[in-house]
Colleague: 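The structure that follows is given in the form of structure tokens.
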Amino acid sequence: MRAGLYKVKTVDKRTALLVSLKDSAEQYTYPIEGFTHDVNNGDVVEVWQEGTRWRTKYVEEKTRSVSSHTKDFMKRMMDQE
């Protein structure tokens with residue numbers, strides 16, 4: 001896997017298929033529990049490596065899914081309480 005921006009193509013019970021925004025032939029599977037937000041089809045995520053672990057971040061500006069924005073907002077509110 002390479003660091004960069006990826007679009008979530010499909011999500012199943014344990015993994016998500018990520019497709020690179022730079023090179024559509026570059027695809028990876030990523031474990032669902034590794035995401036910092038509730039991941040949905042169509043989300044755009046940033047992936048990078050810290051030490052030996054891969055990290056993800058929801059890219060709000062590039063994600064067009066209303067349900068993803070709503071889920072992310074609700075998760076942030078619950079985390080603050």
Side-chain angles (χ1 to χ4, degrees):
M1 178 170 255
R2 295 180 187 179
L5 294 176
Y6 292 87
K7 185 171 188 171
V8 178
K9 193 72 168 176
T10 59
V11 177
D12 63 22
K13 292 180 182 179
R14 295 183 187 155
T15 61
L17 177 63
L18 305 179
V19 178
S20 173
L21 291 181
K22 287 185 180 179
D23 180 10
S24 62
E26 199 174 319
Q27 299 181 354
Y28 301 100
T29 55
Y30 195 84
I32 294 295
E33 69 269 359
F35 287 98
T36 57
H37 72 289
D38 292 330
V39 67
N40 290 305
N41 293 344
D43 286 359
V44 176
V45 295
E46 181 180 3
V47 178
W48 72 95
Q49 192 170 17
E50 287 182 2
T52 59
R53 297 191 58 161
W54 287 97
R55 303 288 184 185
T56 66
K57 177 182 165 189
Y58 169 72
V59 181
E60 189 173 351
E61 309 81 46
K62 294 186 183 269
T63 299
R64 293 186 175 92
S65 168
V66 173
S67 65
S68 294
H69 288 294
T70 304
K71 282 185 175 182
D72 184 58
F73 176 75
M74 294 303 291
K75 185 175 186 325
R76 286 189 215 174
M77 295 300 292
M78 297 301 279
D79 289 346
Q80 286 181 357
E81 291 180 356

Colleague: Please check if F35 and Y28 belong to a single hydrophobic cluster, counting links between Ile, Leu, Val, Met, Phe, Trp and Tyr side chain heavy atoms closer than 4.5 Å.
Modeller: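 F35 and Y28: one cluster.
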Colleague: Does a side-chain heavy-atom distance below 4.5 Å link K22 with L5?
Modeller: no
Colleague: Is it true that V19 and V11 fall in one hydrophobic cluster, defined by side-chain heavy atoms closer than 4.5 Å?
Modeller: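 Result: no, two separate clusters.
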Colleague: If every non-hydrogen atom of W48 is compared with every non-hydrogen atom of A3, which pair is closest and at what distance?
Modeller: CA-CB, 4.0 Å
Colleague: Specify the closest pair of heavy atoms between L18 and V45, including all atoms of both residues, with the distance to one decimal.
Modeller: CD2-CG2, 4.2 Å
Colleague: Apply side chain to side chain contact (heavy atoms under 4.5 Å, CB included) to K13 and I32, showing your working.
Modeller: CA-CA 8 Å; K13 292 180 182 179; I32 294 295; over 6 Å; no
Colleague: I'd like to know if the side chain of Y30 reaches the main chain of W54, judged simply by a donor and an acceptor atom lying under 3.5 Å from each other, with no hydrogens or angles considered.
Modeller: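 Answer holds: yes.
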Colleague: When rounded to the nearest 0.5 angstrom, what is the spacing between CZ in R55 and CD in E46?
Modeller: 13.0 Å
Colleague: What distance separates K9 NZ from T29 OG1, expressed to the nearest 0.5 Å?
Modeller: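 These two atoms lie 15.5 Å from each other.
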Colleague: Testing the basics here: between R14 and E33, what is the closest heavy-atom pair and its distance to 0.1 Å?
Modeller: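 Closest approach of R14 to E33, heavy atoms only: O-OE1, 4.5 Å.
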Colleague: Please report the closest heavy-atom contact between A16 and V8, naming both atoms and the distance.
Modeller: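 For A16 versus V8, the nearest heavy atoms are CB-CG1, 4.2 Å.
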